[in-house]
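First comes the structure, then the notes that go with it.
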Amino acid sequence: QKEVEQDPGPLSVPEGAIVSLNCTYSNSAFQYFMWYRQYSRKGPELLMYTYSSGNKEDGRFTAQVDKSSKYISLFIRDSQPSDSATYLCAMIEGGSYIPTFGRGTSLIVHP
Amino acid sequence: GAGVSQSPRYKVAKRGQDVALRCDPISGHVSLFWYQQALGQGPEFLTYFQNEAQLDKSGLPSDRFFAERPEGSVSTLKIQRTQQEDSAVYLCASSLASQGETQYFGPGTRLLVL
């Protein structure tokens, strides 16, 4: 079993829907949690970075961390076709600099 | 330039051939990372530089893989005697600080070994 589990999808939603993307993890040492967006043939782009349990909001994006359940989520409100991409979660142990990535979830937002 | 650049963007190699992949990080960024991304997977860490010092190469899959950053800016990842299992996208990322939690990725080099 991998340290970070992420459903690859694809997840297909209509424009305007609320999207929920999730990752689970097994390593209690993970302290930093990130979400990246990766368009086809491009490198990952950092969307959200969180440290503690709870919610963090940035525009249409909300990142949620539940350390007790070892579960993180990314919510996208009012989804747009331009949000169609692969979303990668990533986590770093305290004191480390090496992220462990999930395999990514492919999101398709259709007009 | 404004972001991290990598060259070549695509590389086709015959099995057994040596390849060199280049990364130009954002100017002034201290940290530089190399990752390997297989199809349908997330990036896997290969190696980490802080300025010109290679502080971690624990992710390099074999001694055929070698990376350098001699002047603390441009980095080269070299793969000797390429094998089919080396086919992947090789991503470079840089960050301003030594912690590296905010990493800026390049577009990657897509390597296909035939």
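In the text below, chain A, chain B and the rest are named by the order of the sequence lines, each starting its count at 1.
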Q.
Between R9(B) (side chain only) and R41(A) (backbone N and O only), is there a donor and an acceptor less than 3.5 Å apart?
A.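 Yes; judged by distance alone, with no hydrogens or angles, the pair exists.
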Give the cluster check for [X] versus [Y]: same hydrophobic cluster or not, with ILVMFWY residues linked at side-chain heavy-atom distances below 4.5 Å.
X      : Y       : value
Y51(A) : F101(A) : yes
L11(A) : Y87(A)  : yes
F49(B) : L96(B)  : no
Y32(A) : F45(B)  : yes

Q. Taking every heavy-atom pair that is under 4.5 Å apart, which of E44(B), Q6(B), R110(B) has the most such pairs with chain A?
A. R110(B)
Q | Top of S58(B), G59(B), G40(B) for chain A proximity - count of heavy-atom pairs under 4.5 angstrom | A |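 Heavy-atom pairs under 4.5 Å are most numerous for G40(B).
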Within 6.0 angstrom of [X] [atom1], more than 12 heavy atoms from elsewhere:
X       : atom1 : result
R15(B)  : CZ    : no
E71(B)  : CD    : no
L114(B) : CG    : yes
K67(A)  : NZ    : yes

Rounded to the nearest 0.5 Å, what's the gap from [atom1] on [X] to [atom2] on [Y]? Could you check?
X       : Y       : atom1 : atom2 : value
Y97(A)  : D56(B)  : OH    : CG    : 3.5 Å
Y104(B) : L46(A)  : OH    : CG    : 7.5 Å
Q41(B)  : Q6(A)   : CD    : CD    : 10.5 Å
Y36(A)  : F105(B) : OH    : CZ    : 5.0 Å

Q: With a 4.5 angstrom heavy-atom cut-off, could you sort out which part of Q38(A) is near chain B: side chain, backbone, both or neither?
A: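 For Q38(A), the side chain is the part near chain B, not the backbone.
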Q) Top residue by heavy-atom pair count (under 4.5 Å) with chain B, among P99(A), P44(A), G43(A), G104(A)? A) P44(A)
(Q) To check you understand the geometry: which heavy-atom pair defines the closest contact between L88(A) and G42(B), and what is its length? (A) CD2-CA, 3.9 Å
Q | Under 4.5 Å from any heavy atom of chain A - which part of Q37(B) | A | side chain
